[in-house]
Amino acid sequence: MLNPGQGRGPDSGVAGGSNSDPFPAGLRVLVVDDDPTCLMILERMLRTCLYRVTKCNRAEIALSLLRKNKNGFDIVISDVHMPDMDGFKLLEHVGLEMDLPVIMMSADDSKAVVLKGVTHGAVDYLIKPVRIEALKNIWQHVVRKKRNEWNVSEHSGSVEENTGGGERQQQQRDDADNNSSSANNEGSWRSSRKRKEGEVDEQGDDKEDTSSLKKPRVVWSVELHQQFVAAVNQLGVDKAVPKKILEMMNVPGLTRENVASHLQKYRIYLRRLGGVSQHQGNMNHSFMTGPDPSFGPLSSLNGFDLQALAAAGQLPAQSLAQLQAAGLGRPSSLNKPGMSVDQRSIFSFENPKLRNGQMMMNSSGGNKQVNLLHGVPMGMEPRQFAGGGHMRVQQQQICGGGRVTGQNVQSSGMMMPVGGGTSVLPSLGQQQQQMMLSSSVPRRSDLTDTSSNRVLPAATHSVVFNNFNSELPRNSFPLASAPGISVSYQEEVNSSDAKGGAVITTAGFDNPSYDIFNDYPQHNNNNDWDLQNIGMVFNSHQDTTTAASAAFSSSSSTQRKRQEVVAEQVQNHHQQLPSQSLNHMNGSGSVRVKSERVAETVTCPPATTLFQEQYNQEDLMSALLKQEGLPLVDNEFDFDGYSIDNIPV
Amino acid sequence: MQRQVALIKQSLLDQGYLDEQFMELEELQDDANPNFVEEVATLYFKDSARLINNIDQALERGSFDFNRLDNYMHQFKGSSTSIGASKVKTECTMFREYCRAGNAEGCLRTFKQLKKEHATLRKKLEQYFQLARQAGPKETARRPK
């Protein structure tokens with residue numbers, strides 16, 4: 001069996017730990033908390049669960065530990081309030097740099113904070129006092145992430161390469177074997193994989209072959225990333241394909257698959273950053289050229305992003321300034337690529353339709369769980385965005401991040417996924433999307449000022465979803481599960497849509513059923529705005545929607561753009577009723593969401609149906625979807641040729 | 001003796017000094033970590049003493065930086081919750097409410113109460129642990145001797 005590369009790394013070899021321990025025992029956990037009492041208790045509990053625990057009381061130390069042993073840990077658990085660094089910031093860092101699942105915890109159980117966790121991409125949020133039962137199942141996040149990555153890599157490289165998928169599959173399979181749910185996983189993986197292969201025209205054989213190869217996890221160092229960015233810029237963001245990038249980079253040992261998945265993330269990131277400016281006229285998701293920082297230290301992130309974006313020309317000068325102002329440095333909240341991966345799958349709807357409707361409405365930020373479920377794949381995340389306009393939500397599943405200063409998602413319920421924007425996101429791939437989202441967030445805020453909280457977040461959500469779909473043919477990302485992710489996308493979308501975010505693809509907003517939105521408004525003034533924005537976005541975007549819709553119909557790239565457009569629209573949108581625009585959008589794009597949205601209170605757009613991968617949440621999502629009444633749309637999302645095969649519903 | 005220990009613990013629970021979280025901690029104790037709970041408690045009191053000190057100083061200054069006070073208290077609440085110090089936790093919550101309301105006097109009052117609860121708990125737990133140690137390993141009736 002292949003060396004379990006994912007998350008295991010060389011360190012896992014420690015005394016053959018991971019290999020010899022039956023998963024999930026031996027899971028390598030890094031726990032970060034400034035409270036020594038909690039730290040001691042957690043360590044004890046985790047040890048009781050047979051995990052390998054490393055404890056740390058400072059975020060900086062944790063980061064350096066993680067950087068030193070890139071593959072030394074499987075999962076990170078971090079407290080929210082820490083003196084030296086905000087937990088969400090750490091979350092972002094980890095997501096961007098290491099792509100590990102991160103669980104947030106706090107004694108604070110207010111909705112706002114939990115939502116923030118979601119938008120920043122935390123895979124879970126634990127309320128203190130943490131009970132051991134809650135820790136016993138954290139391994140699921142590791143598995144889920146790996147699976148998502150597998151999907152991502154498979155899809156992202158589907159056009160050009162299949163190798164990556166193979167590798168991951170193998171790993172996943174290995175892990176799966178150890179899992180209680182392995183049987184299911186494997187079955188679903190295999191079947192979905194096969195399906196994808198067929199649909200996406202991938203060479204299944206290659207996959208099979210490659211999977212037998214052991215591929216060590218690639219660590220994207222700053223230098224490597226810079227090389228990557230240079231190659232992408234040279235080729236042109238839109239035209240950059242993994243194969244060419246790989247050739248240009250000429251790095252031995254780097255595979256197309258690595259590049260493909262990285263590209264995905266990057267695109268998302270760019271989208272997030274350049275969402276605002278980009279949409280304005282360009283639907284292309286050239287965001288990608290921009291932000292890259294996620295790969296490097298956060299600080300450099302900002303720099304890169306802006307530069308990249310600037311270079312790409314995607315980002316107008318002002319956006320750049322904005323971004324910078326927004327403090328790209330805050331990526332922390334945004335990206336949690338890791339996390340959102342799962343979520344992203346949800347976004348994978350990409351279908352323009354989804355975008356609009358995709359609002360992952362995570363029902364109430366307060367309940368993190370609820371959000372996920374609630375959001376039915378669509379990720380009611382928009383809500384999150386709404387909160388702070390900043391929806392930093394890192395794509396991550398729960399879209400918590402709202403970097404937005406204070407605006408954070410939480411209540412704004414902005415969750416309205418921006419139709420256009422989201423589509424862009426999906427394409428980026430989960431991680432990228434996250435990045436994008438985060439970057440877009442800062443922009444958004446700039447755009448609208450504090451009030452920018454509006455909609456943007458929401459838009460991102462939807463956008464995110466949409467993006468995925470278009471991007472990854474197989475986005476198996478379960479939309480449903482990605483409540484978090486959707487949020488992230490939305491942000492990006494929003495940001496890019498500085499225009500007026502009319503395009504709120506988030507179908508979800510329309511739904512009155514979202515209580516969260518109602519709740520949120522009280523949260524901030526922005527919240528109201530957000531919700532309204534969402535509506536407005538739709539309305540005001542009559543024209544945008546057209547544009548957006550047009551975008552929808554196009555290929556994935558277009559989708560991306562659309563999303564961006566949408567995002568922009570969303571951002572800019574004024575307070576109009578989203579329903580209008582939604583409908584409008586729906587009309588234009590085959591957005592199923594619209595019809596569904598309107599019909600149902602829950603806006604979980606069909607996007608959720610995109611789940612290709614079975615997430616643990618699948619069932620949940622299914623349940624949610626069912627509640628929502630959203631039919632699982634398989635075909636609709638297919639527009640880019642992405643086959644939604646296993647949409648678990 | 002074991003029974004005595006158990007009784008004391010039960011009374012602490014009944015009186016609300018401790019809550020189920022404390023029981024959870026005891027469950028984590030085993031032969032490999034026989035004094036886990038006591039270790040945690042010791043750590044808690046050491047750390048919380050530091051926090052109390054910080055808060056005291058902040059309050060003495062009279063400037064009432066509610067944000068900072070709230071931050072301190074958030075930490076305090078976190079660890080108190082983790083150890084199951086129920087009454088202390090309640091006081092923490094109240095203190096934070098006053099902070100949010102900007103009620104300086106309420107803060108002072110509550111803090112005094114909090115310190116009292118904290119000191120009481122500390123004493124009681126010290127007694128408890130002492131007795132538990134005397135009673136022999138694994139006193140808490142969890143494992144059959």
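Note that the structure is predicted; figures quoted are calculated from it, not measured. Note on naming: letters A, B, ... go to the chains in the order of the sequence lines (proteins, then strands), and numbering restarts at 1 for each one.
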Can you find a pair of side-chain heavy atoms, one from A:Met40 and one from B:Phe36, that are under 4.5 Å apart? yes
Side chains of A:Pro129 and B:Glu20 in contact at under 4.5 Å (non-hydrogen atoms): no
Roughly how far apart are A:Ile41 CD1 and B:Ile83 CD1, rounded to 0.5 Å? 6.5 Å
Against chain B, label A:Glu43 side chain, backbone, both or neither, depending on which of its atoms sit under 4.5 Å from a heavy atom there. neither
Tell me yes or no: between the side chains of B:Asp47 and A:Thr37, is some donor less than 3.5 Å from an acceptor? no
Side chain, backbone, both or neither: which part of A:Asp108 has a heavy atom under 4.5 Å from chain B? both
Assert top hit (heavy-atom pairs under 4.5 Å, partner chain B, pool A:Met82, A:His81, A:Arg47) equals A:His81
Which heavy atom of A:Cys38 sits nearest to which heavy atom of B:Ser82, and what is that distance? SG-OG, 2.8 Å
For A:Arg44, run the side-chain contact (heavy atoms from CB on, under 4.5 Å) check against B:Leu25, B:Val37, B:Asp30 and tell me which one passes. B:Asp30
Distance (rounded to the nearest 0.5 Å) between A:Lys128 NZ and B:Gln21 CD: 11.0 Å
Would you say the side chain of B:Gln75 lies within less than 4.5 Å of the side chain of A:Asp35, judging by non-hydrogen atoms? no
Atom CD of B:Glu105: over 12 foreign heavy atoms under 6.0 Å: no
